[in-house]
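Note that the structure is a prediction, hence the values are computed from the model and not measured. One is the number of the first residue; the rest follow in order along the sequence.
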Amino acid sequence: MTSGDGDRGTGRRGVLRAGAAALLLGAAGCGSGAKSAVAPASSSASSSTTSPEQTNPTPVTTTPTPTTPPPLPASPLWQPGPGEIQPDVKRRAVELVAALGAWPPGGQGAEPARARVAALGLPPGLADQAGRLAPAAPEASLEVVDAQYGGILADSASVLVVCRQWTRQPDGSVAAGGITVDVRLSRAAPRWDVTAVNPGDPGPAAASPAPAVVKVLAEPRIELPPEAAADLRSGAVHDTVLAAMLRLAGPYSLSVSVVRTGHPLDVFGTTRPSDHPLGRAFDVWRIDGRAVVDPATPRQLIESFMRDAAAAGSYNVGGPVAIAGVGNQYFTDDTHHDHVHIGFNS
């Protein structure tokens, strides 16, 4: 009996164990089925079971990252260096050009420009003469490449402010350009007054540039500011000028300030037409990286450059160095202490 009771007990326990095992197997089978339901479509198990998430996927919304417009180039305000004659005259001209040709976001328009001019102690109406110096743009920055005299007399002056300019476009991009401005001044105390602002305008480029123009523009030893390069592209510059530039670029590197646009129509203080507006002259403010106006620039370098300019065909070479020559082939005066003028009669 004991043994029989034991066998029956064992049988019952065996049935219970078998049932529990079956339940465990069933549970395992459910777990396996759940995993198959969310398996990738390539899984054999997923072909029979599809989850609601797969049938109706939740859309994912991506918020575009705002693009920050590139900043405009920033340059410190140009300052006259050593060797300048009447340095504050140039400083005065540069301050005005910077006030008219550069503004922060939202600073465009006539009234803000007049306010900036008035802050310099100058007549606000000068802003009305800005022309191409103040294009319609929400933001602008300016770099003064050089400020040279177009003429300096006892009571009056012309300062040619050679600029690069960057403007913000409607799509947020930055457009690069430049302009040369003839600023007229008259003596006053405590500082000279500005009497007129004359922005240059080289006109449109020629349909097909001449081969010599292409060569000058591509010559790395000739540095041209934007307005001077535009003069060449206009087709209004004589071949004699182009040939002289290329010849001088052999022994020297030269930084040109003015070709034709932005220069006074007449030799300053006279009624004699200047060769510049006729496309028959160019000015160089730096030779081999050395500013002509800087007293530290060797006078021998400048004299050598002036003589080579004459040898390149110039009939009228002016600069800070007095050189003996025939007629007016060489000359020097206060106006040309800061650059070398190279002129041609054809």
**Q** Which heavy atom of Pro225 sits nearest to which heavy atom of Glu223, and what is that distance?
**A**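 Smallest heavy-atom distance, with atoms named: CD-O, 4.1 Å.
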
**Q** What residues form a side-chain hydrogen bond (donor to acceptor under 3.5 Å, both in side chains) with Gln86, not counting sequence neighbours?
**A** none

**Q** Between Thr261 and Asp231, is a side-chain hydrogen bond (donor to acceptor under 3.5 Å, both in side chains) present by the stated rule, with each step listed?
**A** CA-CA 7 Å; Thr261 302; Asp231 283 336; 2.3 Å; yes

**Q** Which heavy atom of Trp285 sits nearest a heavy atom of Asp146, and at what distance?
**A** CB-OD2, 3.4 Å

**Q** Find out whether Met245 and Val259 are in side-chain contact, i.e. whether some heavy atom of one side chain is under 4.5 Å from a heavy atom of the other.
**A** yes

**Q** Check for a donor-acceptor pair, side chain of Asp201 on one end and backbone N or O of Gly203 on the other, with a separation under 3.5 Å.
**A**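 Such a contact is found between Asp201 side chain and Gly203 backbone.
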
**Q** Applying the 4.5 Å side-chain criterion to the ILVMFWY set and letting contacts propagate, would Val145 and Tyr149 be lumped into a single cluster?
**A**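 As far as the 4.5 Å side-chain criterion goes, Tyr149 and Val145 are not connected within one cluster.
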
**Q** Could you pull out the closest heavy-atom pair between Met306 and Phe331, with the gap in Å?
**A** CE-O, 4.3 Å

**Q** With sequence neighbours left out, write down each residue that passes side-chain hydrogen bond (donor to acceptor under 3.5 Å, both in side chains) with Asp333, or none if nothing qualifies.
**A**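 Residues passing side-chain hydrogen bond (donor to acceptor under 3.5 Å, both in side chains) with Asp333: His336.
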
**Q** Hey, does the side chain of Arg247 reach the backbone of Leu242 with a donor-acceptor pair shorter than 3.5 angstrom?
**A** no

**Q** Can you name the side-chain contact (heavy atoms from CB on, under 4.5 Å) partners of Ala140, sequence neighbours left out?
**A** Trp103, Thr167

**Q** Heavy atoms only: give me the nearest Ala312-Phe344 pair and the separation to one decimal.
**A** O-CE2, 4.0 Å

**Q** Using 4.0 Å as the upper bound for N to carboxylate O, is an ion pair formed by Arg132 and Glu227?
**A** yes

**Q** Is there a donor-acceptor pair under 3.5 Å between the side chain of Arg191 and the backbone N or O of Ala189?
**A** no

**Q** So, the side chain of Asp266 versus the backbone of Phe268: is there a donor-acceptor pair under 3.5 Å, distance only?
**A**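 Not a single qualifying donor-acceptor pair exists.
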
**Q** Please output the side-chain donor-acceptor pairs of residues 118-128 that fall under 3.5 Å, not counting sequence neighbours, one pair per line with the distance.
**A**
from: Asp128; atom 1: OD1; to: Arg114; atom 2: NE; distance (Å): 3.2
from: Asp128; atom 1: OD1; to: Arg114; atom 2: NH2; distance (Å): 2.8
from: Asp128; atom 1: OD2; to: Arg114; atom 2: NH2; distance (Å): 3.1

**Q** Determine yes or no for a side-chain-to-main-chain donor-acceptor pair under 3.5 angstrom, with Ser141 supplying the side chain and Ala74 the backbone.
**A**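 No: the side chain of Ser141 does not pair with the backbone of Ala74.
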
**Q** Does any non-hydrogen side-chain atom of Trp192 lie less than 4.5 Å from one of Asp155?
**A**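 No - every pair of side-chain heavy atoms lies 4.5 Å or more apart.
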
**Q** Could you state whether Leu265 and Leu278 fall into the same hydrophobic cluster, counting links through intermediate Ile, Leu, Val, Met, Phe, Trp or Tyr residues with side-chain heavy atoms under 4.5 angstrom apart?
**A** no

**Q** I'd like to know if the side chain of Arg280 and the backbone of Ser274 have a donor-acceptor N/O pair within less than 3.5 Å.
**A**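 Side chain of Arg280 to backbone of Ser274: no pair is present.
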
**Q** Rounded to the nearest 0.5 Å, what separates atom CG in Leu160 from atom OG in Ser257?
**A** 7.5 Å

**Q** In chain order, what residues pass the side-chain hydrogen bond (donor to acceptor under 3.5 Å, both in side chains) check against His238, with sequence neighbours excluded?
**A**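 Per chain and number, His238 pairs via side-chain hydrogen bond (donor to acceptor under 3.5 Å, both in side chains) with no residue.
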
**Q** I need the full list of side chain to side chain donor-acceptor pair (under 3.5 Å) pairs touching residues 171-184, with sequence neighbours left out, sorted by first then second residue.
**A**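 Pairs touching residues 171-184 that pass the test: Ser158-Asp182, Asp171-Ser173, Asp182-Arg184.
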
**Q** Can any side-chain N or O of Glu143 pair as donor or acceptor with the backbone N or O of Arg164 at less than 3.5 Å?
**A**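 Pair absent, no side-chain N/O of Glu143 close to backbone of Arg164.
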
**Q** With sequence neighbours left out, what residues match Asn198 under side-chain hydrogen bond (donor to acceptor under 3.5 Å, both in side chains)?
**A**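 Not a single residue meets the side-chain hydrogen bond (donor to acceptor under 3.5 Å, both in side chains) criterion with Asn198.
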
**Q** Quick one: do Glu95 and Lys90 make a salt bridge, cutoff under 4.0 Å?
**A** no

**Q** Residues in salt bridge (Lys or Arg N to Asp or Glu O under 4.0 Å) with Glu219, at least two apart?
**A** none

**Q** Does Leu153 have more than 12 heavy atoms from other residues, nucleotides or ligands lying within 6.0 Å of its CG?
**A**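 Above 12, so yes.
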
**Q** Show the nearest heavy-atom pair for residues Val161 and Ala93, with the distance to one decimal.
**A** CG2-CB, 4.2 Å

**Q** What pairs with Arg290 under salt bridge (Lys or Arg N to Asp or Glu O under 4.0 Å), at least two apart in sequence or on another chain?
**A** none

**Q** Check whether any side-chain heavy atom of Val181 lies under 4.5 Å from a side-chain heavy atom of Ile179, and answer yes or no.
**A**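 With C-beta onward as the side chain, the pair touches.
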
**Q** On a heavy-atom basis, which atom in Ala281 and which in Val241 lie closest, and how many Å separate them?
**A** N-CG2, 3.6 Å

**Q** Side chains of Leu217 and Leu224, heavy atoms from C-beta outward: is any pair under 4.5 Å?
**A**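 Answer yes - side chains close enough.
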
**Q** Report the hydrophobic cluster partners of Val174, with the cluster defined as I, L, V, M, F, W, Y residues connected by side-chain heavy atoms closer than 4.5 angstrom, directly or transitively.
**A** Leu72, Trp166

**Q** Without placing hydrogens or testing angles, list every side-chain donor-acceptor pair under 3.5 Å for residues 315-323, not counting sequence neighbours.
**A**
from: Tyr315; atom 1: OH; to: Asp275; atom 2: OD2; distance (Å): 2.7
from: Asn316; atom 1: ND2; to: Asn328; atom 2: O; distance (Å): 2.9

**Q** So, His337 side chain and Asp334 main chain: donor-acceptor pair closer than 3.5 Å or not?
**A**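 Flag set: sc His337 to bb Asp334 pair under 3.5 Å.
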
**Q** In terms of hydrophobic clustering (I, L, V, M, F, W, Y; side-chain heavy atoms under 4.5 Å; direct or indirect links), are Val293 and Val89 co-clustered?
**A**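 Per the 4.5 Å side-chain linkage, Val293 and Val89 are not co-clustered.
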
**Q** Check whether any side-chain heavy atom of Leu248 sits under 4.5 Å from a side-chain heavy atom of Ile342, and report yes or no.
**A**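 Yes, close enough: below the 4.5 Å cut-off.
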
**Q** Using links of under 4.5 Å between side-chain heavy atoms of ILVMFWY residues, direct or through other members, which residues join Ile85 in one cluster?
**A**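 The other cluster members (ILVMFWY side chains, heavy atoms under 4.5 Å, direct or chained): none.
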
**Q** Do Arg221 and Ser253 have a side chain donor and acceptor closer than 3.5 Å?
**A**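 No, no side-chain donor-acceptor pair sits under 3.5 Å.
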
